[in-house]
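This report refers to the structure that appears directly beneath it.
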Amino acid sequence: MTSENNNQVRIVPLGGVGEVGKNCTLIEYNGEFVLVDIGVKFPDEEMVGIDLIIPDLSYVQEHKENFRGILITHGHEDHIGAIPYALAYLDLDAIDIYGSSLALGLVRSKLDEHPGTEQKARWHAVNGGELVRMGQMEVEFISVDHSIPDAFSLAIHTPIGTVLHTGDWKFAGLPEASFERYRELGEEGILVLIPDCVRIESPGRTLPESVVGDALEQLVRDAPARIVISTFASNVNRVGRTIEAAQKYGRVCAFVGRSMEKNIPIARSLGYLDYPDEAIVTAQAAQRMPPEKVVLILTGSQGEPTAALARMAAGTHRLVSPLPGDTVVMSASPIPGNEKLVGRIIDNLMRNGTRVIYPRVMPEVHVSGHAAYDEHLELLDLLKPRYVVPFHGEYRMMVLNRVAAVSRGVPFENVFLTEVGQGVVITSEGGRKDGRIRSGAVLVDGLTVGEVNQVVLRDRRRLASDGLVIVSATLDAQTGQPVSDPSILTTGLPTSLSNDGVNNLQEQSREIVQKAIEQIERGHQGGAVPRSLSEIIKQNVGSYILRSTGLRPLIIPVLNEI
Ligand SMILES: [Zn+2]
Ligand SMILES: [Zn+2]
């Protein structure tokens, strides 16, 4: 930092701009910085075998002496999911982490998979209205309404002004005190607003969560037989309202699905849910009970093929199978990209004769946790920010946020549409895009963090689309000549090709291997298998298959010497 840049706020998204997921915002005042959230993103179909994408935190490691800690807005995976990886990755002793007790509980429940991480953090549970000092910044937690309890906006007070990060929010259900606080902060003057804009394409206002609870209660009351409710395990309020309704109408509930079975008892133990033990039975017990006495609460509302709902719909679930007279309620909307999967499940359920209720046919069974367009206008009117840096959205949503901000008097040039790693620097004189830092995405494939690169992804895509060919040959260690015909093993090739093509290939293989050997024999005298032989075989087999079938399978030569 140069001296003329003294007294500056810098905001650098490490994720969550131009994308939905892996939310992580670095907020810095004169070099000292905090991270707001460290979330995960789920991969698209192109990323075969990738489980998660997490933000690159190398900047944090390289500037660890100025790192003041992690602030959590709420307990959703796109905000907390990468914290266990961050703790494992960062070579730091005592990382201060602030968040609601629910968000901290959800993070800590996942640390078993990352040994030694629990001790690397100092966990600070905070409530709405609390203030926390972090170096020269003072952070104020403001309760907001969202689809998980205890979500916060953060007012980060710096010596040159307040940065307001909304977290995920909507106005419906906002506590009166928070509305008042927003208004006060607006009057004092907000330097920078960082608004979640993921739902800004929807006109009007988002409905309050309470309409969903009321709808679920009526459905539980009126279902002629078993009722199955599928929602996110983090939607503690919906699960709570369902359990209450079940008790009221003489039913018991069973949780089905790993995250439901794990997260709901955590929420209960932290005081977010209150129900007697006898309100819940196991899925096995529920399957044996009279259907009209049962409510199943399931994961898999996004159509995830391995989650409880999809397996139940397909009749492959170990514990729960569809029953005649079932009512299935999808208390969630498909996230863009998941529509097909969800549609298929609804079709499968309906094929079984199941009555399915989903948001398209009954909008009250799901409302969003995010603000619609008019709420953004209202927020801008309340806060009157000098600068706006939209986050939590694709580029088009950020543009709409700028449209909203400009319509409410924020100068066009004061709205910064950034990208991951692109900083925005604000001083008392003005704001500009500046201070890019190294950043990007780190891929996690369940086994390794960050070791999956573009080459690995390309191999996996090939494997998925064009199959695998293994060429195995045994060579004489003395002469370097094949001792028998090389064998060809294929998998995942289209069947017609794997019949004709492979038979031909099998016939050709000896020649291909022989040719490869001749190719490298010039200048080579028997003995050890030269390293390039497998490369040449790979190339020759590859071009033969490409010529005869048009496919580019992954080719693995396996050479043995005897
Ligand atoms: Zn959220
Ligand atoms: Zn979010």
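Just the heavy atoms: all of them, side chains too, but no hydrogens, waters or symmetry mates, feed the values below. Positions are given from 1, in the same order as the sequence printed here. Whatever order the structure lists them in is the order used to number ligands and atoms, beginning at 1.
With respect to the Zn ion (ligand 2), Asp168 has OD2 as its nearest N, O or S atom. Counting just the N/O/S atoms of His74, the one with the shortest distance to the Zn ion (ligand 1) is named NE2.
Side-chain contact of Asp196 with Thr166: a donor-acceptor pair under 3.5 Å is absent, judged by distance alone. Side-chain polar atoms of His392 and His370 form no donor-acceptor pair below 3.5 angstrom.
With 2.8 Å as the limit, His79 does not count as an N, O or S neighbour of the Zn ion (ligand 1). Using a cut-off of 2.8 Å, one finds that Asp78 contributes no N/O/S atom close to the Zn ion (ligand 1).
Classification of the Phe391-His79 ring pair by plane angle, with boundaries at 30° and 60°, yields perpendicular. Classified by interplanar angle (parallel below 30°, tilted 30° to 60°, perpendicular above 60°), the ring pair Trp169/His376 is perpendicular.
Checked by atom type and distance alone, the side chain of Gln302 pairs as donor or acceptor with a backbone atom of Ile335 at under 3.5 Å.
For His76 atom ND1 and His146 atom NE2, the angle they make at the Zn ion (ligand 1) is roughly 90°, to 10 degrees.
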